[in-house]
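Quick notes on the structure that follows.
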Protein chains: 2
Amino acid sequence: MIGEVTVPGIPVATVARLPSYLRALRDLVARGVEKTSSVELAELSGVGPAQLRKDLSFLGSFGTRGVGYDVGSLAQYIADALGLADEHRIAIVGIGSLGHALANYSGYSQRGFHLAALLDASPDVVGRDVAGIVVEHVDALEDVVAREGVSIVVLATPAAHAQAVATRVVAAGVKEILNFAPRALQVPTDVDVRGVDVGSELQILAFHSQARALAEASAQS
Amino acid sequence: MIGEVTVPGIPVATVARLPSYLRALRDLVARGVEKTSSVELAELSGVGPAQLRKDLSFLGSFGTRGVGYDVGSLAQYIADALGLADEHRIAIVGIGSLGHALANYSGYSQRGFHLAALLDASPDVVGRDVAGIVVEHVDALEDVVAREGVSIVVLATPAAHAQAVATRVVAAGVKEILNFAPRALQVPTDVDVRGVDVGSELQILAFHSQARALAEASAQS
DNA sequence: AACTGTGAAAGTGTTCACAGCC
DNA sequence: GGCTGTGAACACTTTCACAGTT
């Protein structure tokens, strides 16, 4: 296994669900709801109530028995647990159509992130303004990371360049990478990589689709 | 838990890794490599060799002891296991900047998918040509699904509309949904939903970043 | 009466280590 | 000698069921 950094007492599976809980809680806040229950919040988050309560129990004890949870304070507590109190500065490398879409994603600041820089290798793109930021040349990666205090890099380059860029990103001291290129990245074990690959997701769905078809075919005995 | 369809003898965790193996194998094919080992293939896929061998053992016995695996035939076997032999027809709903990027993703046909339709609600987009396909109005969703034989829908709508569209998609008989909207979808248990949310991924990375910072702070005792 | 928090049980997934085969 | 395939050990995750609290 490559690039997995497990740290305190919170299970990784739990950490992966905390953002869903936070999203659901912020929806409730936006709707003016002030208290909720594990059943309601679990439904909004797409998990079971027991799982939700177990997950929250790793962070502490935030509900009131017989009553439920205070929406606002629970949201705050989860945000703190996720480390959203300090601002995380992001750079996107690879400003193709996906990079453009990611740059225009409006949710960064609401979610505790600041989009600090955009980088690309193509002269057609470098110097242009995208989402209010001037795209810089990827050659300046190390400088940009240092200047902007980037702690998370989003890779949206073509697959062929992803590893080379990742290697430089790691050398520049960045420990958190979100990789959209369809390649497994080779990085030191103390660097965290999360990969998002549309093709893989579709293939997993295709598997389930086929499994369903086979199950139905054998059901009509 | 919502929308989980477990079927034959292959563990879900294994299924989720098969696309990585397939990707690595196709790279090897492209580079003209004809045989590989569990160590090499695992490295290219970002997993451990034991895990790779265990995963493959659920599909059958495809290597030769003392020798390794034939790249081409293993790739074919995994592709078949994933159900990529039959073509899967996809529709994307929501042609904003992310929908555009997804429509322009070039890997569909190489990976056994056919992008059959694009749908949106905005008159600014409906009727326009995106990636060689004319965008249709989302009101025609049911017709388009039937006409094009769509089996997988990619949701790239604003979060506020995602549930309503998903409900219609399910009513139209689609069982596989890839959801890019930052919302948990309420669907019947026989429908499969996979969610991809950039915000959540960043938050998970932020957690690890913070965990690292805390660990370092306590290490300098 | 209602709902949380949590040990204990059940279920999954991963890793080890070696037998089996070329 | 080298590498696969796999039972068995281990680790992690989820679910259950109920004691504890308001």
Side-chain angles (χ1 to χ4, degrees), chain A residues 1-18 20-21 24-25 28 33-71 73-75 77-78 81 189 204, chain B residues 1-18 20-21 24-25 28 33-71 73-75 77-78 81 189 204:
Chain A
M1 198 61 196
I2 282 138
E4 202 57 62
V5 185
T6 315
V7 191
I10 308 180
V12 289
T14 294
V15 172
R17 280 185 296 267
L18 293 179
S20 307
Y21 303 153
L25 286 164
L28 290 173
V33 177
E34 288 184 358
K35 65 180 256 282
T36 187
S37 68
S38 63
V39 172
E40 181 184 49
L41 187 54
E43 171 131 341
L44 291 172
S45 311
V47 302
Q51 174 125 257
L52 172 71
R53 292 201 304 273
K54 182 55 113 181
D55 282 340
L56 294 182
S57 79
F58 292 112
L59 310 189
S61 197
F62 258 73
T64 311
R65 292 174 201 233
V67 179
Y69 301 94
D70 178 79
V71 169
S73 61
L74 184 56
Y77 197 63
I78 292 177
T189 47
I204 295 165
Chain B
M1 196 60 197
I2 283 139
E4 203 56 64
V5 185
T6 315
V7 190
I10 308 180
V12 289
T14 294
V15 172
R17 281 185 295 266
L18 293 179
S20 308
Y21 303 153
L25 286 164
L28 291 173
V33 178
E34 287 183 0
K35 66 179 255 281
T36 188
S37 68
S38 63
V39 172
E40 181 184 48
L41 187 54
E43 171 131 342
L44 291 172
S45 311
V47 303
Q51 175 122 259
L52 172 70
R53 293 201 302 273
K54 181 56 111 180
D55 282 341
L56 294 182
S57 78
F58 291 114
L59 310 188
S61 196
F62 258 74
T64 311
R65 290 175 201 233
V67 179
Y69 301 94
D70 178 77
V71 169
S73 62
L74 184 56
Y77 197 62
I78 293 177
T189 48
I204 295 166

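A, B, ... follow the sequence lines: proteins, then strands. Residue 1 opens every chain.
Salt bridge B:Arg17/B:Asp55: present, at least one basic N to carboxylate O contact under 4.0 Å.
Of the side-chain N and O atoms in B:Ser61, one or more sit less than 4.0 angstrom from OP1 or OP2 of D:dG5. When the side-chain nitrogen and oxygen atoms of B:Tyr69 are compared with OP1 and OP2 of D:dG5, one or more of them lie within a distance under 4.0 Å. The side chain of B:Ser38 places an N or O atom within less than 4.0 Å of a non-bridging phosphate oxygen (OP1 or OP2) of D:dT4. The phosphate of D:dT14 has OP1 or OP2 within less than 4.0 Å of a side-chain N or O from A:Arg17.
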Inset, instruction - Walk me through it: do B:Val47 and B:Tyr21 pass the test side chain to side chain contact (heavy atoms under 4.5 Å, CB included)? - result: CA-CA 9 Å; B:Val47 303; B:Tyr21 303 153; 3.8 Å; yes
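No donor-acceptor pair under 3.5 Å is formed between the side chain of A:Tyr77 and the backbone N or O of A:Leu56. Within the 3.5 Å criterion, the main-chain N or O of A:Val67 finds no donor-acceptor partner in the side chain of A:Thr64. Under the 3.5 Å distance criterion, the side-chain polar atoms of A:Thr14 are left unmatched by any main-chain donor or acceptor of A:Ile10.
The side chain of A:Ala13 lies closest to D:dT14 when the candidates are D:dT14, D:dT22, C:dC22. Nearest nucleotide to the B:Ser57 side chain, out of D:dT13, D:dA8, D:dG5: D:dG5.
Going from atom CZ of B:Phe62 over to atom C1' of D:dC3 covers 17 Å, rounded to whole Å. Separating the CG atom of B:Asp70 from the P atom of D:dC3 is a distance of 16 Å, rounded to the nearest angstrom. If you measure from atom CD of B:Gln51 to atom C1' of D:dC10, you get 14 Å, rounded to the nearest angstrom. The CG-C1' distance, from A:Leu52 to C:dC3, rounds to 12 Å in whole Å. For the pair A:Phe58 CZ and C:dG5 C1', the interatomic distance rounds to 11 Å; values are reported in whole Å. Atom NZ in A:Lys54 sits about 12 Å away from atom C1' in D:dA17, given to the nearest Å. One interatomic measurement links the two molecules: CG of A:Leu74 to P of C:dT4, which rounds to 11 Å at whole-angstrom precision. Going from atom CZ of B:Arg53 over to atom P of C:dA17 covers 13 Å, rounded to whole Å.
In terms of polar N and O atoms assigned as donor or acceptor, the side chain of A:Arg65 never comes within less than 3.5 Å of the base of C:dG5 in a complementary pairing.
Each of B:Val39 and A:Thr14 was matched to the nucleotide of DNA chain D holding its nearest heavy atom; the match closer to the 5' end belongs to B:Val39.
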